[in-house]
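To start, the structure under review is shown below, and the notes come after it.
Nothing fancy with the numbering, it's 1 onward along the sequence. Bear in mind that the values here come from a model prediction, so they are computed numbers and not experimental data.
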Amino acid sequence: QVQLVESGGALVHSGGSLRLSCAASGRTFSTYAMGWFRQAPGKEREFVAALRWSGNGINYADSVKGRFTISRDNAKNTVYLQMNSLKPEDTAVYYCAAGGSASNFRRDYFYWGQGTQVTVSS
């Protein structure tokens, strides 16, 4: 069992930066692939970024490539999402998830956090 808690969401201006963190409980954190997803009002939850348990195999959605960076620190049981050059369309609730592979698909993740709100003003 893994419990995930996101933090770092905030209101920022367009062009600004934020770093989201996802703290995991459980000794098996390092065995899971981790992903970030987001959900804007009235839209489906969509993939943002993911990486394997080793920190390799990084995968990004086209909409965030070059602006967002996913990383993890297995010693701290934490995964991060550094978000730069933020745009109003990045506004969403951001969720981290743990799964078996660095997949784009929600169905491949077993555990989910409660989410953290990111709002980007124009």
Side-chain angles (χ1 to χ4, degrees):
Q1 188 84 6
V2 175
Q3 292 186 325
L4 304 171
V5 179
E6 302 94 337
S7 62
L11 169 64
V12 296
H13 291 298
S14 181
S17 297
L18 279 177
R19 188 175 82 155
L20 305 183
S21 299
C22 173
S25 64
R27 289 175 288 180
T28 59
F29 169 79
S30 62
T31 66
Y32 288 99
M34 297 297 297
W36 285 97
F37 288 75
R38 66 186 182 186
Q39 187 166 16
K43 295 188 177 180
E44 290 196 359
R45 194 171 298 188
E46 65 175 9
F47 170 76
V48 175
L51 78 175
R52 296 176 185 162
W53 67 269
S54 61
N56 296 325
I58 294 175
N59 185 17
Y60 293 103
D62 288 343
S63 59
V64 306
K65 227 172 255 185
R67 300 188 297 123
F68 290 12
T69 303
I70 188 172
S71 62
R72 68 189 296 164
D73 185 337
N74 287 340
K76 295 183 178 179
N77 278 14
T78 302
V79 63
Y80 304 98
L81 185 68
Q82 176 67 43
M83 305 187 295
N84 299 327
S85 302
L86 282 161
K87 305 175 181 179
E89 51 263 44
D90 295 318
T91 295
V93 177
Y94 282 70
Y95 299 89
C96 69
S101 65
S103 168
N104 295 19
F105 301 105
R106 289 177 292 171
R107 63 172 181 259
D108 293 326
Y109 292 86
F110 315 133
Y111 304 105
W112 292 83
Q114 293 301 305
T116 185
Q117 177 70 47
V118 172
T119 303
V120 184
S121 64
S122 56

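- Grouping the Ile, Leu, Val, Met, Phe, Trp and Tyr side chains by contacts below 4.5 angstrom, directly or via other members, places V93 apart from V120.
- Ion pairing between K87 and D90 fails under the 4.0 Å rule for side-chain N and carboxylate O.
- When hydrophobic clusters are built by joining Ile, Leu, Val, Met, Phe, Trp and Tyr residues whose side-chain heavy atoms come closer than 4.5 Å, directly or via intermediates, V2 is grouped together with L51.
- Among residues two or more places apart in sequence or in another chain, the salt bridge (charged side-chain N to carboxylate O under 4.0 Å, His left out) test is passed with R52 by none.
- With values rounded to the nearest 0.5 angstrom, T78 atom OG1 is found 6.5 Å from F29 atom CZ.
- What you find for T91 and A40 is that their closest heavy atoms are O-CB, 3.6 Å.
- Heavy atoms from other residues, nucleotides or ligands lying under 6.0 Å from CD of Q117 number more than 12.
- By the criterion of side-chain heavy atoms lying less than 4.5 angstrom apart, applied directly or through intervening Ile, Leu, Val, Met, Phe, Trp or Tyr residues, F110 is grouped together with V48 in one hydrophobic cluster.
- Y32 is linked by a ring pair (Phe, Tyr, Trp, His ring centres under 6.0 Å) to Y111, counting only residues two or more places apart in sequence or in another chain.
- Taking CZ of R72 as the reference point, atom SG of C22 lies at 10.0 Å (rounded to 0.5 Å).
- Between the CZ atom in F47 and the OH atom in Y60 there is a gap of 9.0 Å [rounded to 0.5 Å].
- Open room surrounds CD on Q114; 12 or fewer heavy atoms of other groups in view lie less than 6.0 Å from it.
- By the criterion of side-chain heavy atoms lying less than 4.5 angstrom apart, applied directly or through intervening Ile, Leu, Val, Met, Phe, Trp or Tyr residues, L18 is grouped together with L81 in one hydrophobic cluster.
- Remark: Y95 OH to Q39 CD distance equals 5.0 Å, nearest 0.5 Å.
- Summarising the geometry, atom CD1 belonging to I58 is positioned 7.0 Å from atom CD1 belonging to I70; distances are rounded to the nearest 0.5 Å.
- Taking OH of Y80 as the reference point, atom SG of C96 lies at 12.0 Å (rounded to 0.5 Å).
- In this structure Y109 satisfies the ring pair (Phe, Tyr, Trp, His ring centres under 6.0 Å) test together with F37, sequence neighbours excluded.
- Counting heavy-atom neighbours within 6.0 Å of W112 CH2, excluding the residue itself, gives a total above 12.
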Practice task
Give the intermediate values and the outcome of side chain to side chain contact (heavy atoms under 4.5 Å, CB included) for residues S7 and T116.
Solution key: CA-CA 6 Å; S7 62; T116 185; 5.6 Å; no

